[in-house]
Amino acid sequence: MTGQGSPAPDSSPSTAGAPRVRIAPSPTGDPHVGTAYIGLFNYVFARKHGGKFILRIEDTDRKRSTKSSEEAILAALRWLGLEWDEGPDVGGPHGPYRQSERLDLYKRHVQQLLDAGLAYRCFCTPERLADLRKQQEAAKASRYGYDRHCRDLDPAESLRRAEAGEPYVVRLKMPLTGTCVIEDGLRGSINREYGESDDQVLQKSDGFPTYHLANVVDDHEMGITHVIRGEEWISSTPKHIVLYEAFGWEAPRFFHLGLLRNPNGSKLSKRKNPVSVDYYRELGFLPESMLNYLGTMGFSISGDRDRFTLDEMIEAFDWSRVSAGGPVFDPVKLRAFNKQDLMAMDLDELQRRFVESVLRPDRLRLLLAQAQKRVDLLDEVLPWGAYFFGGGVDYKAIEKKFRIKGRTRKETIKALSAYLEAIERDERARAFTAAGLEAFTEEFVESIGWNKKFYQLLRVATTGQAKTPGLFETMELVGKDRARQRIRDAVAHMKAGENW
RNA sequence: GACCCCUUCGUCCAGAGGCCUAGGACACCGGCCUUUCACGCCGGCGACACGGGUUCGAAUCCCGUAGGGGUCACCA
């Protein structure tokens, strides 16, 4: 209802002095291009105004956070060249920069809210919440969400139950009336009725804070002046604003960028696209091409130019040159940028980069270990192992191998798809070493009631070949991101296949 | 479903009332260059979602409609 037209762009910091911004990834998977995208805009904004760019790890989800994910995210951002001024690995005056190491801080703040009557303990069981949800769905309720059942519990009673050991979460008391006005630096005013937001959980029953609480507390403690994040956060911003007010803090300025999309318009997801920065890195995309491409998503440096360096982007950056629509992430154009950058390089540089990425010693060594017994001449190594390089392979000639005796096409597709998903949830598989893959795959095959025929299927899918060295050595060498993409391609190929 | 956001070529952007018979990039299609391919060059295809206003004048401002997206978790 508002916010259309001229959104009153504003690049001036709300707080005097240099801005402080942050990227706050959650270490629950592969480094996502969306994280890189938001990171880029934060980085550029900070550099433009001589401010600080902070990296904070939001690992408040105990079940899903992993160290390997955190490491991968840091490595990916660093590869892109988005260096942070403060972060878990480089330190800084506002550390620690990992939320799991700041639990006391959140506990104190929750207590403060509880004491002030601005938050309350909720003893509702997960079952009751599930029932509630079911009811709301059945009733086609216009409002979903928590019904504030425990909101008016007597504080003394509440305390007693807590001390008696009854499990509880702490929820924020949202105002029941009134309008929240979010002044978005990119979109203008966004109005939302407070009453539409439910009473958000601030502290889980395991004592860990939720994103909402930790994010507000940390942004304040770390002196964050501008919160540049994805559009997905708009609807919970009123909760954040209420929290700032509850603590008596000044809220930062908010800027909600459009979300990167799949070709079909939905939020970019790994179902439809390779979304791991590692995938692009592994396939030899250049970090500068990547950054430039990401920089054209929602931003333009001028009307007739879309090739620019990071420094040029920083130089030209202004919110008036940023649009709020959600751009489609188009790998074709990214490739074109990459090709142009390759062409523009002098030969020395090209050679250096090629050797650095494609002929990396660790990878070469894996390759040679397999080639040793299989080639007669050194010159044959690369042609022999061609399927270890490049992205896609051609399944056309070998598609007969996708037919597995005793299994329908549908079953075969299902098994391969299930494998793809299972990889994500298993630490051994995520590490993608031969030994880990073998142990994992063996269990997997059994769990879905298949036999070793699945191995050959995997081999063909990941290499396009029927004859390769040991499956798991081969998969390790193909690499996680390339392998996953090929399995996806194989599934797509099978789905498109006709008469079988 | 409710709330919020978004809406210019297939895609990414330019355009901030007349400069727009709407510009650039990627993709696609022709042609030139060339032993081939690539590069390069020239050209082509191709969009202001729709309907109402406001205005002398609207892609640009307002309203409505439609479409797309996001959010409605003890995930971030």
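By convention in this document, chain letters (A, B, ...) are assigned in the order of the sequence lines, proteins followed by strands, and residues within each chain are numbered from 1.
- Remark: Thr296(A) in residues 273-296 of chain A come within less than 4.0 Å of RNA chain B through at least one heavy atom.
- The residue Arg321(A) sits close only to the backbone: its heavy atoms come under 4.0 Å of sugar-phosphate atoms, none of a base.
- When rounded to the nearest whole Å, the span between CG of Asn262(A) and P of rG10(B) equals 19 Å.
- Put simply, the side chain of Val275(A) does not reach to within 4.5 Å of the side chain of Asp30(A), judged on heavy atoms.
- Using a 30° and 60° split on the angle between ring planes, Phe45(A) and Trp319(A) fall in the tilted class, from 30° to 60°.
- Using a 4.5 Å heavy-atom cutoff, the side chains of Glu101(A) and Asp59(A) are not in contact.
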Which atoms of nucleotides 48-50 of chain B (N or O only) lie under 3.5 Å from a protein N or O atom, and what are those distances?
none

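- Minimum atom distance to the side chain of Leu129(A) is reached by rC74(B), of the listed rC13(B), rC74(B), rC3(B).
- Open room surrounds NZ on Lys270(A); 12 or fewer heavy atoms of other groups in view lie less than 6.0 Å from it.
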Identify all pairs in which a protein N or O lies below 3.5 Å from an N or O of nucleotides 24-27 of chain B, and state each distance.
unit_1	atom_1	unit_2	atom_2	d
rG24(B)	O2'	Asp304(A)	O	3.1
rA25(B)	O2'	Asp306(A)	OD2	2.9
rA25(B)	N3	Lys333(A)	NZ	2.8
rC26(B)	OP1	Gln340(A)	NE2	3.2

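- Ring to ring, Phe299(A) and Tyr37(A) are not that close: their centroids are 6.0 angstrom or more apart.
- For the pair Phe254(A) and His256(A), the minimum side-chain heavy-atom distance is below 4.5 Å.
- Across all strands, Glu231(A) comes closer than 4.0 Å to base atoms (heavy-atom distances).
- Looking at which nucleotide of RNA chain B each of Met343(A) and Pro25(A) is closest to, the 5′-most match is held by Met343(A).
- If you check every strand for non-hydrogen atoms under 4.0 Å, Cys180(A) touches nothing.
- Heavy atoms of Arg171(A) sit under 4.0 angstrom from primed sugar atoms or phosphate atoms, though from no base atom.
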**Study point:** Full working for side chain to side chain donor-acceptor pair (under 3.5 Å) between Tyr97(A) and Glu86(A)
**Key:** CA-CA 8 Å; Tyr97(A) 293 88; Glu86(A) 300 169 27; 2.6 Å; yes
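- The cationic group of Arg261(A) does not satisfy the cation-pi geometry with Phe329(A), failing either the under 6.0 Å distance to the six-membered ring centre or the 45° limit from the ring axis.
- Using N1 to N3 plus N6-O4 or O6-N4 for Watson-Crick, or N1-O2 and O6-N3 for G-U wobble, each under 3.5 Å, rU35(B) pairs with nothing.
- A donor and an acceptor atom, one from each side chain of Asp278(A) and Trp79(A), are nowhere located under 3.5 Å apart.
- Within 4.0 Å (heavy atoms only), Gly258(A) reaches no atom of the nucleic acid at all.
- For Arg171(A) and Tyr120(A), the positive end is not near the middle of the six-membered ring at less than 6.0 Å and at most 45° from its axis.
- Here Val169(A) lies in heavy-atom contact (under 4.0 Å) with a base.
- Across all strands shown, Thr60(A) has heavy atoms under 4.0 Å from sugar-phosphate atoms exclusively, and none from any base.
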Using nucleotides 28-30 of chain B, report all nitrogen or oxygen pairs with the protein that are shorter than 3.5 Å.
none

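- Proximity of the aromatic rings of Trp249(A) and His240(A) is defined here by a centroid distance below 6.0 angstrom, and this criterion is not met.
- To the nearest angstrom, P of rC4(B) lies 19 Å from CG of Leu259(A).
- Following rounding to the nearest Å, Phe254(A) (CZ) and rC4(B) (C1') show an atom-to-atom distance of 15 Å.
- Residue Asp318(A) contributes atom CG, which lies 16 Å from atom C1' of rG15(B) at whole-angstrom precision.
- Between the Asp219(A) side chain and the Ala251(A) main chain, no donor and acceptor come within less than 3.5 Å of each other.
- Under the 30°/60° scheme for interplanar angles, the aromatic rings of His493(A) and Tyr395(A) are found to be tilted.
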Using a cut-off of under 3.5 Å, enumerate the N/O to N/O pairs linking the protein to nucleotides 42-45 of chain B.
none

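- Contact annotation for Arg64(A): base contact, defined as any heavy-atom pair under 4.0 Å involving a base atom.
- Pairs engaging residues 31-44 of chain A under the salt bridge (charged side-chain N to carboxylate O under 4.0 Å, His left out) rule: none recorded [sequence neighbours left out].
- As judged by a 4.0 angstrom heavy-atom cut-off over every strand, Pro263(A) is placed among residues making no nucleic acid contact.
- A cation-pi arrangement, defined by a distance under 6.0 Å to the six-membered ring centre and an angle within 45 degrees of its axis, is absent between Arg484(A) and Tyr279(A).
- As judged by a 4.0 angstrom heavy-atom cut-off over every strand, Lys239(A) is placed among residues making no nucleic acid contact.
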